[in-house]
Protein chains: 2
Amino acid sequence: MKTNINKLKEKITSKGMKFTHQRLVIYRSLCDSKDHPTADMVYNQITEENPSISKGTVYKTLESFVNAGILQKFRDDMGLMRFDPVMDTHSHLYCNESSNIRDYKNPDLEQLLNNFFKENQIEGFEVEEVSLVIKGKSK
Amino acid sequence: MKTNINKLKEKITSKGMKFTHQRLVIYRSLCDSKDHPTADMVYNQITEENPSISKGTVYKTLESFVNAGILQKFRDDMGLMRFDPVMDTHSHLYCNESSNIRDYKNPDLEQLLNNFFKENQIEGFEVEEVSLVIKGKSK
DNA sequence: CTATCTGCAAACAGTTTGCATTCCA
DNA sequence: TGGAATGCAAACTGTTTGCAGATAG
């Protein structure tokens, strides 16, 4: 746990950014939650123990984390921005019933897709990045 | 052209909905544009020739078209709702430079993904629908 | 000390909603 | 004529912005 904090501090300060209480709290909230929360969810979660952190700060902090390569962000079906502390490329499983979003990583699948687009060039388009949206239900 | 209008009229009326001038104009605009427009884009486009159609009507009409199975909708990276008159399953090509969105359909790819998820069950998750987000640049 | 970060509130964009009026069937 | 569709404006939600004051390094 301490290690993670030190790593975070290093990541932050190495980018010339300042290490603040707010940033620590926000980052920890993201790591604790497995649900790829929105800025608003993070705000509601941390506000219980840290009532003085403002919503604007949460938005700005999450954005700087993304810029610093500490978080990834993506849009969900509702158009909400989701934040993800897992930085390597992976897909997401969207549960149609609970609207939960789980991580899914499969190197074979990545390989399969890379090969496919290497072999099947698209007329007038150069593929740079392919990601999967997997919908279904968790059981 | 006439044929399409009659087909549209049939689709609309067969659902117990009314066939109006606004709905015709909105549907035609979508078919003419190849760019998967947002409601706002449709509004701006039709408003040149039909200044009296209101924005609210465009939103409501697009939504009823989706419910009636006349259009598909999906979210883009910016969180905007996009509308698509092509109803069979297909992927989209997102151009990172122009932010254009093109259609991409490849039965082999669909087959490949279906097979993959048939053979690779995901622990605790039942896949219902898989779609691809393909980013790159058009050339 | 000073550049960055924070908190607050106002602004913004896309979309939805409510309701009186209009219009298709 | 009756029920659905329209137009308009107000409301709503998620997010961004501007700025004065606070704070890390």
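Chain letters run A, B, ... following the sequence lines, proteins first and then strands; every chain starts at 1.
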Next item on the list: Check whether the ring centres of H92(B) and F74(B) lie less than 6.0 Å apart, and answer yes or no.
Entry: yes
Next item on the list: Kindly indicate whether the side chain of K60(B) and the base of dG18(C) share any N or O donor-acceptor pair separated by less than 3.5 Å?
Entry: yes
Check: How long is the line joining CG of L62(B) and P of dT16(C), in whole Å?
Finding: 10 Å
Margin query: Do T57(A) and S54(A) pair up side chain to side chain, a donor and an acceptor below 3.5 Å, judged on atom types alone?
Written below: yes
Notebook entry, point to check: Given that G56(A) and D40(A) both sit by DNA chain D, which one's nearest nucleotide is further toward the 5' end?
Noted result: D40(A)
Notebook entry, point to check: Could you state the CZ-P distance from R23(B) to dT22(C), rounded to the nearest angstrom?
Noted result: 19 Å
Next item on the list: To the nearest Å, give me how far apart NZ (K55(B)) and C1' (dG14(C)) are.
Entry: 8 Å
Next item on the list: Give S64(B) one of three labels, base, sugar-phosphate or nothing, depending on what nucleic acid heavy atoms sit under 4.0 Å from its own.
Entry: nothing
Next item on the list: Count the heavy atoms belonging to other residues, nucleotides or ligands that lie under 6.0 Å from CD of E126(A), then report whether that count exceeds 12.
Entry: yes
Checklist line | Whole angstrom value for the distance that separates C1' of dT4(C) from CD of E63(A) | finding: 17 Å
Next item on the list: Could you tell me whether K55(B) and D40(B) have a side-chain N and a carboxylate O separated by less than 4.0 Å?
Entry: yes
Checklist line | side-chain N/O S54(A) vs dT6(C) OP1/OP2, d < 4.0 Å | finding: no
Next item on the list: Choose from dG7(C), dT6(D), dG14(C) the nucleotide whose nearest atom is closest to any side-chain atom of L80(B).
Entry: dG14(C)
Check: Starting at CG of L24(B) and ending at P of dC23(C), how long is that distance when rounded to a whole Å?
Finding: 17 Å
Next item on the list: Just call it for T38(A): base, sugar-phosphate, or nothing, with non-hydrogen atoms closer than 4.0 Å on any strand.
Entry: nothing
Note to self: By nearest heavy atom, map K73(B) and K9(B) onto DNA chain C; which one lands nearer the 5' end?
What the structure shows: K73(B)
Next item on the list: Answer yes or no: does a side-chain N or O of R75(A) lie under 4.0 Å from OP1 or OP2 of dG14(D)?
Entry: no
Next item on the list: Output the single nucleotide from dG25(D), dT6(D), dG7(C) whose closest atom is nearest the side chain of T61(B).
Entry: dT6(D)
Item checked: Heavy-atom neighbours of M87(B) CE exceed 12 at 6.0 Å -> yes
Notebook entry, point to check: So, is Y59(A) close to the dT15(D) phosphate, meaning a side-chain N or O under 4.0 Å from OP1 or OP2?
Noted result: yes
Item checked: Polar pair under 3.5 Å, donor/acceptor by atom type, side chain K18(B), base dG3(D) -> yes
Check: M17(A) has a side chain; which of dC5(C), dG7(D), dT15(D) sits nearest to it?
Finding: dC5(C)
Notebook entry, point to check: Where the side chain of T20(A) is concerned, which of dT15(C), dG7(D), dA24(D) is the nearest nucleotide?
Noted result: dA24(D)
Note to self: Can you tell me if Q22(A) touches the phosphate of dT23(D), counting only side-chain N or O atoms and a distance under 4.0 Å to OP1 or OP2?
What the structure shows: no
